[in-house]
Amino acid sequence: MAENKDNSQPEQEKNKVDFDFRAHEAPYFDAWMEQGSFRRSPGRGAHADESYTVVIPPPNITGVLHMGHALNNTIQDACIRRARMQGYQTRWVLGTDHAGIATQTKVDKKLSEEGVSRLALGREAFIEACYEWYGEYGSTIVSQLKAMGCSCDYDDEHFTLEPAYVKAVRKVFVDWYHDALIFRGKRIVNWCPSCTTAIADDEVEYIDEAGKLWYLRYPLAEPCEGTEYVVVATTRPETMLGDSGVAVSPKDARFKHLVGKAVRLPIVGREVPIVSDFVVDPDFGTGLVKVTPAHDQNDYAIGERAGLEKINVFDEGAHVVEGYGDLSGMGRDEAREAVVARFEELGLLDHVEEHPHNVMTCYRCHTKLEPWLSEQWFVAVDRLKAEAARVVEDGRVAFFPQRWKQVYLDWMENLKDWCISRQLWWGHRIPLFYCDACGWEDASMEDLTSCPVCAGALRQDEDVLDTWFSSQLWPFVTMGWSDEGMDAPELQQAYPTQVLSTARDIMGLWVARMVMSSMYFCDEVPFNQVLIHPTVMGADGKPMSKSRGNGVDPLRLMEDYGADGMRFGLLMQVTGSQDLKFNEAKLESSRNFANKIRNAARFTSMHLDGFVPGGPEAQTPVDRWIFSRLAGLVARLDQAFDAYEFGEATRELYAFFWNEFCDWYLEFSKGRLAGGGDDRAVCQRNLVFVLDTALRLLHPIMPFITEEIYQGLPCEKDAPYLINAAWPDARALAAYLDPRSERALVLVTEAVSAVRSARARYGISPKTALSVAVKAAGEDAALLEEQRQLLLDMANLSGLAIDADAAKPPEASVALVAGLEIYIDLAGLVDFAAERTRLEGEQKKAAADVQKLEAKLSNPGFLSKASPEVVEKDRARLAKTQGMLERIAAQLEEIG
RNA sequence: GGGCGUUUGGCUCAGCGGGAGAGCACUACCUUCACACGGUAGGGGUCACUGGUUCAAAUCCAGUAACGCCCACCA
């Protein structure tokens with residue numbers, strides 16, 4: 001074993017290859033664009049009347065291509081390209097998302113770097129700045145998709161703030177408002193004091209914090225049975241300013257006598273009641289909980305049940321509001337220290353414990369969130385979610401891998417009302433109009449200025465909608481729903497879409513909501529299938545992140561391995577598992593594979609002098625073999641693609657092209673091509689046929705190199721570009737399936753390998769011709785005889801005897817492979833001491849096998865219960881191994 | 001606290017009821033006229049552990065352990 005190996009260091013320098021991938025890729029992309037290959041394809045053949053549509057998960061306009069995009073878009077492009085070749089009417093809908101918080105944060109930062117504050121600028125000018133930013137950077141990712149070779153419909157690109165989209169979002173809001181599915185409520189929301197907006201529950205990120213648990217003494221208003229005070233435990237002492245009660249568990253006998261009594265809050269001096277509530281856990285802390293309904297979800301619920309006051313102690317920036325003396329104006333952390341200090345001074349700080357716990361942070365800026373009571377808009381999900389669950393239960397929307405179905409249903413089941421208002425400027429403004437004079441309000445498709453009741457001035461709601469509110473409409477709005485509803489031709493023709501491919505983390509946020517809104521407005525599922533692809537983790541198995549430094553840039557990967565190499569290498573790593581530990585070595589071998597393809601094509605084209613186009617001809621066993629293998633490959637690939645098993649598909653392609661086509665078929669062809677006449681012509685046509693078919697099968701995953709080679713092929717073509725050529729038909733190819741020829745090639749390749757193996761073992765040069773006798777009978781003998789010349793050439797033999805009674809020459813090495821006995825005459829070439837050692841090793845192994853098989857075959861249970869084929873197979877195996885053992889013994893005796 | 005996933009050669013992963021596979025790494029030989037991003041031949045694994053089902057278990061079931069992810073109101 002080698003020592004001091006260090007596999008953790010990626011040797012990027014070593015991976016570098018002097019090859020300009022872009023120069024080979026870009027021209028074909030341009031050609032596809034030019035001839036309109038990315039528009040909806042017209043359809044042909046058996047699927048001519050069926051549509052196949054995919055909508056891209058719209059990347060954020062703030063985004064640059066990361067590994068998640070690279071994988072997801074490779075998957076979608078592979079699906080789309082194959083469907084296009086299969087003859088479906090295909091279209092991949094492209095667009096970007098305005099990404100409310102993300103973009104606003106980014107523009108905000110840019111402005112403040114320029115010394116401009118958003119508030120000073122004002123709403124309109126700020127939105128203007130956002131559009132400017134969009135104009136400058138918004139299409140970065142689209143150009144990166146082009147570099148990857150993604151065959152999106154670039155001529156019809158969408159944006160979640162384009163006019164048609166704005167109209168659609170507004171209609172959805174107005175309709176749901178009038179259908180009582182949107183309501184306003186004063187509730188506890190997750191408030192980000194830095195972004196100064198509410199964010200949804202599922203946008204919260206929890207992080208671990210080494211917090212403390214403070215035990216605070218609250219004096220009773222009236223001492224009770226000798227008790228002067230109660231002790232409450234809290235992780236957030238500063239919120240005690242807003243306490244309006246203390247709660248105990250109804251099951252807790254210790255404090256039963258205190259329920260109904262009151263405590264006097266230190267510092268604020270307010271008297272608040274002690275109540276009982278079932279959510280209190282008597283075993284946590286002291287069993288007494290301070291209740292702050294305005295700053296905690298749970299406390300809010302307790303407060304509702306007990307009729308407690310909701311006292312807001314923070315402003316929107318999380319500073320203590322007026323009325324708390326010198327505490328007013330303090331930030332949360334400062335206020336915490338001050339409150340604790342005050343308790344200490346008053347002798348009311350009982351003790352403090354270490355208490356690690358989770359805190360909620362903003363998924364954008366990671367500021368600690370403040371549960372905050374405020375007025376927000378909500379979508380009432382109860383009516384929507386029933387239908388959205390049903391279509392998944394009954395399979396109208398199918399998940400791949402299947403296990404995500406249950407995850408979806410669980411999420412749906414636990415879904416709570418969705419807070420959709422955001423206190424931002426960049427986004428879809430809520431189309432709700434208020435009359436301050438008479439209190440009239442309504443949602444409206446048009447901007448209203450005067451009250452229809454009292455003619456007073458109206459004002460529009462200041463808030464914008466959650467970005468997901470617009471994203472949920474993506475599948476149908478991008479297909480023309482805004483102006484014509486479901487009558488839009490594209491929707492009529494191509495809805496629902498075929499498959500939605502995404503990462504698991506936005507399944508609830510996005511996938512589920514698309515189903516809800518589509519069922520409501522389109523009365524139709526948005527997609528038939530949902531593909532949840534694995535999440536790309538860093539090489540260390542942890543999520544890629546800047547702070548960890550384990551991130552990988554797809555742009556660099558494309559430079560080093562080409563877009564094809566990156567695509568193939570990524571798909572090689574896709575399995576049914578939920579994570580994918582990124583492995584760059586796979587991209588390297590994919591790049592090498594692309595090089596292999598290039599060279600196989602070069603070899604072919606070098607031998608095409610005098611080529612006459614024509615169909616394939618299964619003339620020799622070798623031809624029949626490769627056609628048979630090809631037919632099997634297409635069938636297995638169809639299965640893999642249909643089940644979205646991309647790792648399987650890449651492995652099949654790799655093994656066929658490299659280990660069968662290149663390693664054997666091309667080698668077999670060399671002799672035929674060097675010869676002349678008819679067989680040479682047949683061989684040329686067959687080579688081109690197999691290569692052409694393989695290119696078609698590879699194209700969805702490696703679009704560039706396959707197109708480049710296809711362009712140079714001299715065969716008759718069904719389309720000028722491979723992107724539009726037909727996908728091989730497994731049913732038609734099945735006629736080539738030929739077990740007999742497959743057996744023949746097993747015999748040949750095994751025999752050739754056996755001779756080569758003997759050569760390597762004894763250091764005999766490939767240039768030294770050897771004499772070989774093969775003991776074979778019946779069908780096998782006939783098959784081998786048919787291919788005598790091939791064996792002579794491939795193994796460099798001076799003589800070959802094939803006979804059922806072939807005798808072993810006195811000084812020969814024997815190989816037992818594929819049921820054959822092969823004698824390789826080594827007279828005068830070999831030291832037989834080494835051969836003895838080798839044979840003894842084989843003897844040991846064979847003896848062990850015989851013992852195992854004999855035990856198995858004397859087991860009555862096995863004989864009576866195992867299927868006859870299995871028993872027969874093992875019998876044959878035993879006979880064969882026993883024969884081997886005898887022969888080895890005989891040889892050993894001979895060698896002496 | 002629930003749910004899910006993973007555990008197979010040095011590394012990254014396939015296989016998921018009938019004799020352990022791939023890529024990379026490793027060893028030896030080969031600058032052979034498609035390809036050294038290559039060729040040929042090799043070495044390397046009691047399939048996490050413990051029980052169970054079965055004629056037969058890497059594969060199915062139960063439990064254990066480790067790692068990872070998601071959900072949840074322990075103040």
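Sequence lines set the chain letters: A, B, ... in the order given, protein chains first and strands last, and positions in each chain run from 1. Side-chain atoms are counted along with the backbone in the values below, which use heavy atoms only and exclude waters and symmetry mates. Quick caveat, the model's predicted, so the values are computed rather than measured.
For the P atoms, the distance from B/U54 to B/U59 is 16 Å, rounded to whole Å. Nucleotides B/A75 and B/U6, compared at atom P, are 32 Å apart to the nearest Å. Comparing the C1' positions of B/C29 and B/C13 gives an interatomic distance of 30 Å, to the nearest angstrom. Across B/G23 and B/G38, the matching C1' atoms stand 16 Å from one another, rounded to whole Å. Rounded to a whole angstrom, the distance from the C1' atom of B/C16 to that of B/C35 is 37 Å. Straight-line distance between the C1' atoms of B/U53 and B/G17: roughly 12 Å, to the nearest whole Å. Distance noted for atom P between B/G18 and B/A58: 10 Å (whole Å). Nucleotides B/A22 and B/G44 are separated by 14 Å at their P atoms, to the nearest Å.
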>> Apply salt bridge (Lys or Arg N to Asp or Glu O under 4.0 Å) to residues A/Glu238 and A/Arg332 and explain how you reach the verdict.
In response: CA-CA 7 Å; A/Glu238 68 278 13; A/Arg332 286 174 294 180; over 6 Å; no
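Put simply, A/Asn592 has a side-chain N or O that comes within less than 4.0 Å of OP1 or OP2 on B/G38. At the phosphate of B/A34, OP1 or OP2 sits under 4.0 Å from a side-chain N or O atom of A/Lys670. Contact check, A/Lys581 against B/U12: a side-chain N or O comes under 4.0 Å of OP1 or OP2. Of the side-chain N and O atoms in A/Ser605, none sit less than 4.0 angstrom from OP1 or OP2 of B/A34. Phosphate contact (OP1/OP2 of B/C30, side-chain N/O of A/Ser765, threshold under 4.0 Å): absent. Proximity of A/Trp404 to the phosphate of B/C69: no side-chain N or O atom is located under 4.0 Å from OP1 or OP2. For A/Lys596 and B/G23, the shortest distance from a side-chain N or O to OP1 or OP2 is not below 4.0 Å. Phosphate contact (OP1/OP2 of B/C70, side-chain N/O of A/Arg504, threshold under 4.0 Å): absent. For B/A14, one of the phosphate oxygens OP1 or OP2 lies less than 4.0 angstrom from a side-chain nitrogen or oxygen of A/Thr575.
Of the candidate nucleotides B/G5, B/C24, B/C37, B/C24 has the atom nearest to the side chain of A/Ser589. Closest approach to the A/His607 side chain among B/A34, B/A41, B/G5 is made by B/A34 (side chain taken as heavy atoms from C-beta onward). Counting only heavy atoms from C-beta on, A/Phe603 has its side chain closest to B/A34 among B/C35, B/G18, B/A34. Closest to the side chain of A/Gln578, from the set B/G23, B/G68, B/A14, is B/G68. Among the nucleotides B/A34, B/U54, B/G19, the one closest to the side chain of A/Ala600 is B/A34. Of the listed nucleotides (B/C37, B/C55, B/A75), B/A75 has the atom at the smallest distance from the side chain of A/Thr234. The A/Ala760 side chain lies nearest to B/A41 when the options are B/A34, B/G19, B/A41. The side chain of A/Lys873 lies closest to B/G19, out of B/G19, B/U12, B/G39. With distances taken from any side-chain atom of A/Arg403 to the nucleotides B/C4, B/C35, B/U54, the minimum falls on B/C4. Checked against B/C35, B/C69, B/C4, the side chain of A/Pro543 finds its nearest nucleotide in B/C69.
Remark: A/Glu304 CD is packed, more than 12 non-hydrogen atoms of other residues, nucleotides or ligands lying under 6.0 Å away.
The residue among A/Cys662 and A/Ser757 whose nearest nucleotide of RNA chain B lies closer to the 5′ end is A/Cys662. Of the two residues contacting RNA chain B, namely A/Ser577 and A/Ser753, the nearest-nucleotide position lying further toward the 5' end is that of A/Ser577.
You'll find a donor-acceptor pair under 3.5 Å spanning the side chain of A/Arg877 and the base of B/G19, going by distance alone. A/Glu667 contributes a side-chain N or O that forms a donor-acceptor pair with the base of B/A34 under 3.5 Å.
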> With Watson-Crick and G-U wobble geometry limited to distances under 3.5 Å, how should the secondary structure of RNA chain B be encoded in dot-bracket form, using | for bases paired to another strand and [ ] for crossing pairs?
Replying inline: ((((((((.[[[[.)..(..]]]].(((((.......))))).....[[[[[..)....]]]]])))))))....
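Neither side chain, A/Asn414 nor A/Asp410, offers a donor N or O lying under 3.5 Å from an acceptor on the other. A donor-acceptor contact closer than 3.5 angstrom links the side chains of A/Asp243 and A/Tyr218. The closest side-chain donor-acceptor pair between A/Thr292 and A/Lys310, if any, does not fall under 3.5 angstrom. Using modelled atom types and a 3.5 Å distance limit, the side chains of A/Gln882 and A/Glu854 yield a donor-acceptor pair.
Listed for the A/Arg504 side chain is a donor-acceptor partner under 3.5 Å among the backbone atoms of A/Gln578.
The only option from A/Phe593, A/Phe646, A/Phe657, A/Phe704 that meets the ring-ring contact (aromatic ring centres under 6.0 Å, His included) definition with A/Phe568 turns out to be A/Phe593.
A/Lys852 comes within 4.0 angstrom of a nucleotide base, judged by non-hydrogen atoms across all strands.
Remark: A/Asp849 pairs with A/Thr881 by the side chain to side chain contact (heavy atoms under 4.5 Å, CB included) rule, at least two apart or across chains.
Taking a cutoff of 4.0 Å between a charged side-chain nitrogen and a carboxylate oxygen, A/Glu584 and A/Arg591 do not qualify as a salt bridge.
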